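Numbered from 1 within each chain, the chains take letters A, B, ... in sequence-line order. Since this is a predicted model, take the numbers as computed values, not measurements.
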Number of protein chains: 4
Amino acid sequence: MAGSVNKVILIGNVGADPEIRRTQDGRPIANLRIATSETWRDRNSGERREKTEWHNVVVFNEGLCKVVEQYVKKGAKLYIEGALQTRKWQDQTGNDRYSTEVVLQGFGSTLTMLDGRGEGGGDRRGGSDFGGGAPSYDDYGSRPSSGSGSSGGASRSGGSLSRDMDDDIPF
Amino acid sequence: MAGSVNKVILIGNVGADPEIRRTQDGRPIANLRIATSETWRDRNSGERREKTEWHNVVVFNEGLCKVVEQYVKKGAKLYIEGALQTRKWQDQTGNDRYSTEVVLQGFGSTLTMLDGRGEGGGDRRGGSDFGGGAPSYDDYGSRPSSGSGSSGGASRSGGSLSRDMDDDIPF
Amino acid sequence: MAGSVNKVILIGNVGADPEIRRTQDGRPIANLRIATSETWRDRNSGERREKTEWHNVVVFNEGLCKVVEQYVKKGAKLYIEGALQTRKWQDQTGNDRYSTEVVLQGFGSTLTMLDGRGEGGGDRRGGSDFGGGAPSYDDYGSRPSSGSGSSGGASRSGGSLSRDMDDDIPF
Amino acid sequence: MAGSVNKVILIGNVGADPEIRRTQDGRPIANLRIATSETWRDRNSGERREKTEWHNVVVFNEGLCKVVEQYVKKGAKLYIEGALQTRKWQDQTGNDRYSTEVVLQGFGSTLTMLDGRGEGGGDRRGGSDFGGGAPSYDDYGSRPSSGSGSSGGASRSGGSLSRDMDDDIPF
DNA sequence: TTTT
DNA sequence: TTTT
């Protein structure tokens, strides 16, 4: 369908260390559980209440999976941009079941760490695993510096996608 | 959890005329099925391929439900902004089941019609039902023009939310 | 125009302690400078490069301004959801000038603190100012618990916007 | 800065036929003016009011520029996803000036046509210019079907980004 | 002027 | 079950 958008944006915390599996032909798949929550004040009692929502996030992409594998631990706060996908499967009794997930796969998928923490407790900021910066990864895939007249200079992403940062394009 | 975001943005087409039900205490609930799809070209065959994703959208809110009831028909193209929510229920055999929906309920939920069409076939643009504009509705609720020193002038939304459009605030 | 969306989403750091001023009729306005940046690797030299973008954010809304006043300090990391607005003004020589800002004003505007830090240096996480959670504020305004048959229970936002959390709506 | 997001989402109408220029080394740049508007009811007079916001959109990217060149005309309704960028320039008197634009350049930038219309008046839907579908273009660049063990099958995007649609990955 |  |  022309003119279609399917986008999910989450900021939340990872509920457990991610699992990473591989397909038969070797591609990695990472599964994350991410919690978001909202708080509000009860209209009658005035009490503070909270509701947590858990999201299943599935990462298909070598680069993104590497980031997940190396840096994402239980408790990490993430920014996620992906798409909704519902897949159908059969339970043991052969009945159709459906699971909806946030998929980070194609174009526009992003995963950014919003803190340098892992494993719930300790704050790793400073004594960092990250060697100078929380990792962020956009789903570029293996986008190479192919053609399109990009003769030199910096490229954010390679190929015709990028405009050299130091170009002084007279626009 | 502080610092949490749960946001879904969809642009897609409505698969069937919406159902609107009411809770026991009279509040309306609208259910929509929205299709998004993506197209791509097969790497090997070069064929054009398409994958459609169906989304369950649930609207809690009188104002939004009215818009849905009056204007949203099978085939309509909508912009939706809501939140992901998974609810648990029991099937006939007593097993736990989960359904994930895009909920338009609280703050920040939006539904906008991107065409003036309904009912699949006819293009109503021009000979419009809409009196000069496809309807759009943000989930303001019954936000009244309460207090907060807003003495006069226009208000986008009433209350302290709004800044009068014609004010010439020297910022 | 029907079917219009104007949305900006930023995650970045505040460049300086916010300024808060008041209009003549007493409404607060907060101004923030927020930095976002992207990093990439130079295609030729292989060096890591970075480009920072500075955004002017203007907050109209008493509740949001209070959060800004109390919690947002230089260095804080924020999630911002607002709208683009360009205003025209005259410089000293009487020439038209334009400034584009991210406005948090009406419906859908949000500001969430992504860390509990302020004032650049110290990490306040743990010995927190926040009493157990970084503050987040949606631009609800003075949305009261008006009408719409909401007889009791919790409300996220008051009025017809909300569905009681503990309701067991059979949808 | 790690953990940074700079995202603009617009749905609006194009104010004039786009201009497309080329850099000295031949790369295309398209400039669009897009209008969004919001309507509200005046709190006092009860009149319907409307405020239109104009956005400067700049497209760097061969693929996206082609779409703009071929399909985007005055009056077209677009979905745009890009980033905010402010550039500095000097006016005739040598004073610094700043212009803020929505840039469609790198990763995550999208342009989708939400109708098949061009040139304000006529509805081209049906007797379409589009040969069977309003065009949509994500900023993939020249992402080729490079390596990463993708042996065959369909790919949404080529390279390690994609998971073959017909794979039956047991996740 | 932030952050890493 | 939509749309192109």
Side-chain angles (χ1 to χ4, degrees), chain A residues 1-6 71 86 112-116 124-126 128-136, chain B residues 10-19 31-39 48-57 72-78 80 114-115 117-121 123, chain C residues 10-19 31-39 48-57 72-78 80 114-115 117-121 123, chain D residues 1-6 71 86 112-116 124-126 128-136:
Chain A
M1 177 191 334
S4 193
V5 171
N6 175 2
Y71 301 115
T86 298
T112 302
M113 297 196 69
L114 295 177
D115 57 10
R124 302 218 179 149
R125 191 180 290 152
S128 172
D129 285 353
F130 300 110
S136 174
Chain B
L10 300 177
I11 296 178
N13 294 281
V14 177
D17 288 347
E19 302 166 39
N31 287 270
L32 297 168
R33 291 278 289 171
I34 295 186
T36 57
S37 78
E38 50 180 332
T39 54
R48 205 160 163 264
R49 301 194 57 184
E50 178 171 18
K51 179 165 182 259
T52 296
E53 193 68 36
W54 286 97
H55 309 272
N56 288 313
V57 175
V72 177
K73 305 287 180 227
K74 177 180 175 179
K77 176 161 283 190
L78 299 183
I80 285 284
L114 295 176
D115 56 11
R117 296 203 309 161
E119 291 182 2
D123 188 335
Chain C
L10 300 177
I11 295 177
N13 293 281
V14 177
D17 287 349
E19 303 166 37
N31 285 271
L32 299 167
R33 291 278 288 172
I34 295 186
T36 56
S37 78
E38 49 178 333
T39 55
R48 209 162 161 260
R49 301 195 58 185
E50 178 170 18
K51 180 164 181 259
T52 297
E53 193 67 36
W54 285 97
H55 309 272
N56 289 312
V57 175
V72 176
K73 305 289 180 224
K74 178 180 174 178
K77 174 160 283 188
L78 299 183
I80 286 284
L114 295 176
D115 56 11
R117 294 203 310 161
E119 291 182 359
D123 189 334
Chain D
M1 171 195 333
S4 195
V5 171
N6 174 1
Y71 301 115
T86 299
T112 302
M113 297 195 68
L114 295 176
D115 57 10
R124 303 221 180 146
R125 191 179 289 150
S128 172
D129 285 353
F130 301 108
S136 173

For D/N6, which residues count as a side chain to side chain donor-acceptor pair (under 3.5 Å) partner, sequence neighbours excluded? none

Lys/Arg-Asp/Glu bridge criterion (N-O < 4.0 Å) met for C/E53, C/K51: yes

Provide, to the nearest angstrom, the distance between the CG atom belonging to B/L32 and the C1' atom belonging to F/dT2. 12 Å

Send over the distance from C/K77 NZ to E/dT2 P, rounded to a whole Å. 14 Å

Does the F/dT3 base have a donor-acceptor partner in the side chain of B/T36 within less than 3.5 Å? no

Do any N or O atoms from the side chain of B/D17 and from the backbone of B/K73 form a donor-acceptor pair under 3.5 angstrom? no

Gap between atoms CD and P, on B/E53 and F/dT2 respectively (whole Å): 16 Å

Over how many whole Å does the gap from B/I11 atom CD1 to F/dT2 atom P extend? 20 Å

Within this structure, what is the NZ-to-P distance between C/K51 and E/dT3, rounded to whole angstrom? 20 Å

When rounded to whole Å, the CG to P distance for the pair A/L114 and E/dT2 reads 20 Å

I need the minimum non-hydrogen distance between B/T39 and B/R48, along with the two atoms involved. CG2-NH2, 4.2 Å

May I have the distance from C/E50 (atom CD) to E/dT3 (atom C1'), rounded to whole angstrom? 8 Å

What is the distance, rounded to the nearest whole Å, between atom CZ of C/R49 and atom C1' of E/dT4? 17 Å

